[in-house]
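First comes the structure, then the notes that go with it.
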Amino acid sequence: MCGFTGFYSAMSASEKEKLIDEMGEKIVHRGPDSKGSFTDDYVAFGFRRLSIIDLAGGTQPITSSDGNYVIIFNGEIYNYRELRQDLIDNHGAKFQTNSDTEVIIETYKVYKEETAARLRGMFAFVIYEKDTHKLYGARDYFGIKPFHYAKMGDTFIFGSEIKSFLPHPDFKKEVNKEALKMYLVFQYTPTEESIFKNVYKLTPGTYFTYDGKEFQTKRYFTMDYEIAEKTFDETVKLIEETVQSSVDYHQIADVEVGSFLSGGVDSSYIASSVKPMKTYSVGFDVEGFDETGYSEELCRLLKMKNVKKEITPDEFFDSLPMVQYHSDEPHANLSAVPLYYLAELAAKDVKVVLSGEGADEMFGGYESYQSSAIGEFYKGITTKKFRHRLAKWAADRPYFKGQAFLQRNADTVEDGYIGQAFIMNNEEAEEILAPAYQSDIKYQDITKPYFDKMKGMDDLHKKMYLDMHVWLPNDILLKADRMTMAHSLELRVPYLDREVWNLSRTMKSRFLIDKGVPKFAFRTAALAKIPTEWAKRKKLGFMVPIKVWLREDKYYNQVKAIFEKDYVSEFFDQKLILQMLEEHKAKKKAHHRKLYTIYSFLLWYEQYFVLR
């Protein structure tokens with residue numbers, strides 16, 4: 001696991017050498033073990049290394065055996081040994097190292113633009129052809145590893161993190177006015193263009209080519225569902241075999257591998273399959289917001305060691321500026337903070353951890369998926385007007401069983417579903433924004449292309465498809481990569497594997513959710529590894545008591561001090577957001593998620609535009 005940065009321009013090689021070193025220093029946290037660079041009259045490559053495989057010989061950039069190709073690579077290729085043997089046996093390849101990086105470059109010599117599709121793993125890389133002065137690069141199937149790029153004048157800049165672009169004299173730092181509204185709705189930037197204007201994210205499952213003039217992208221991997229006629233027992237057996245195989249591949253390393261562990265089924269299944277020397281857990285010293293007891297008990301039963309930490313409110317708020325800085329873009333998923341501390345905890349002992357990201361998207365785990373079947377029936381016997389009236393009535397009542405169902409099913413999936421985070425609707429976001437940042441864009445404009453590709457599928461698969469393309473790469477995997485790499489820790493996600501997807505895409509809806517039980521077949525498979533209590537426990541995730549904290553004077557005043565700064569009025573209706581803060585403190589309305597989303601953006605803005 002590492003980080004890279006680079007650019008393509010006509011700048012002299014000597015100028016490039018100094019600049020690429022400055023750019024690399026911005027991402028030193030991604031690779032503190034060593035650094036490397038390559039420059040010529042066309043390109044500059046900078047690299048920071050966290051040594052995991054071939055500790056002695058894997059330093060980058062790596063040049064091919066014939067001297068014509070240079071690569072920088074972030075990630076791990078789990079089938080590199082098989083690929084390496086094929087290249088030796090069938091193509092006469094000669095290798096200088098035992099690294100997976102060199103396998104990619106030798107694969108490219110033979111298979112050219114088909115290279116990315118042959119890889120099993122998590123990856124982002126760029127290969128430079130010296131003779132043609134062409135770049136070829138790719139990002140993995142699901143977006144586990146980041147890849148950002150920008151075309152600024154005649155300069156093409158790229159890298160693992162946007163912050164590495166900052167030293168480049170051609171980089172123009174500007175807030176993307178079109179992105180802020182959708183950030184308020186989603187809690188992250190859901191578009192291909194980032195919160196930095198003219199800075200883009202390479203779409204997962206895509207490769208690019210660049211010849212100094214033309215930038216082209218092409219998909220090498222496309223997600224689609226093809227439901228198979230397998231029995232439930234056959235499906236469960238396949239889950240057991242496929243997950244174990246993926247876990248085995250994900251343990252390939254020349255260093256010790258640990259595991260994150262919550263009290264839920266996803267991480268428990270992984271940890272029990274790995275049986276690592278140590279597992280790591282965090283929680284909050286607030287009743288109802290700490291699952292570390294479940295983690296300790298599982299480790300006791302399975303004879304593993306558990307290392308845990310309780311996060312204080314002060315630690316939570318103190319970490320927020322650095323969480324926003326490391327996120328690159330404003331990010332309001334509350335779980336990023338406990339993940340930040342979890343990574344810090346694990347990094348004291350190990351360089352690699354396994355985690356449970358992706359199981360919910362692959363196997364139907366979110367609460368919002370559970371009502372799909374009954375929701376479809378409800379929508380089939382009612383009118384949209386009636387559902388909207390009933391949802392409005394429900395919203396104005398104290399909590400009652402079925403309240404969330406009525407609100408969630410007021411619209412069709414296509415009209416109302418945006419994924420797992422829904423902070424505010426289009427109208428609320430528009431009202432909060434200052435005039436210069438208001439926009440005609442609606443969240444339906446973001447989701448529609450995905451739903452259009454899923455016509456004819458059931459609501460459950462429509463939701464899963466959207467989450468795999470929008471929520472997973474832009475929220476879950478972004479925070480997973482950034483919070484772990486902030487502490488020079490490699491995170492591996494066995495559920496987000498090419499072969500696991502090949503199984504997931506064939507599963508019947510009733511195997512995903514049965515009688516309101518999410519991940520039904522997956523949980524049944526997990527029973528082979530973990531006790532029933534853990535396999536059946538309801539999903540909780542990293543719960544954060546932000547609603548309570550924002551009503552305490554200390555943290556209320558901390559947020560208020562930011563909201564009152566002069567620059568805030570450039571982005572938001574300052575009077576309105578201060579009013580929302582007052583209403584929340586007085587318990588008139590619960591605005592905590594909206595307030596936290598606004599606060600996170602302002603802290604991000606300070607890190608990138610005020611303080612640096």
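Quick note: numbers below take in every heavy atom, side chains included, and nothing from hydrogens, waters or symmetry partners.
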Are side-chain heavy atoms of [X] and [Y] found at a separation under 4.5 Å?
X      : Y      : answer
Ile423 : Tyr183 : no
Glu214 : Tyr210 : no
Ile127 : Ile104 : yes
Arg48  : Met485 : no

We want to know whether [X] and [Y] form a side-chain donor-acceptor pair, criterion being a heavy-atom distance below 3.5 angstrom.
X      : Y      : answer
Glu15  : Ser12  : yes
Tyr78  : Asp497 : no
Ser335 : Lys479 : yes
Glu193 : Thr191 : no
Tyr366 : Glu361 : yes
Tyr417 : Asp467 : yes
Glu606 : Tyr567 : yes
Asn426 : Gln444 : yes
Glu499 : Ser245 : no
Tyr136 : Glu129 : no
Lys109 : Ser65  : yes
Glu17  : Ser37  : yes

Anything under 30° is parallel, anything over 60° is perpendicular, the rest tilted; go ahead and classify [X] against [Y].
X      : Y      : answer
Phe572 : Phe601 : perpendicular
His331 : Tyr188 : tilted
Phe221 : Phe142 : perpendicular

> Picking from Lys448, Lys463, Lys462, what satisfies salt bridge (charged side-chain N to carboxylate O under 4.0 Å, His left out) with Glu414?
Replying inline: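 With Glu414 as partner, Lys448, Lys463, Lys462 yield a single salt bridge (charged side-chain N to carboxylate O under 4.0 Å, His left out), made by Lys462.
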Cation-pi, [Y] ring and [X] (6.0 angstrom, 45 degrees):
X      : Y      : answer
Lys177 : Tyr437 : yes
Lys173 : Tyr608 : no
Lys163 : Phe165 : no

> Under the criterion side chain to side chain contact (heavy atoms under 4.5 Å, CB included), which of Ile72, Thr5, Leu202 is the partner of Phe158?
Replying inline: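 With Phe158 as partner, Ile72, Thr5, Leu202 yield a single side chain to side chain contact (heavy atoms under 4.5 Å, CB included), made by Ile72.
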> Taking only residues two or more places apart in sequence or in another chain, which ones pass ring pair (Phe, Tyr, Trp, His ring centres under 6.0 Å) with His326?
Replying inline: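 Partners of His326 by the ring pair (Phe, Tyr, Trp, His ring centres under 6.0 Å) criterion, ordered by chain and then number, come out as His29.
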> Are Tyr605 and Glu570 close enough, and set up right, to give a side-chain contact (heavy atoms from CB on, under 4.5 Å), and what steps lead you there?
Replying inline: CA-CA 12 Å; Tyr605 181 77; Glu570 177 188 344; 3.9 Å; yes
> Can you check whether Phe47 and Phe4 have ring centres sitting under 6.0 Å from each other?
Replying inline: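 Phe47 vs Phe4: aromatic centres not under 6.0 Å.
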>> With side-chain contact (heavy atoms from CB on, under 4.5 Å) as the criterion, how do Tyr207 and Thr115 come out once you've worked through the C-alpha distance, each side chain's angles and the decisive distance to 0.1 Å?
In response: CA-CA 9 Å; Tyr207 71 79; Thr115 295; over 6 Å; no
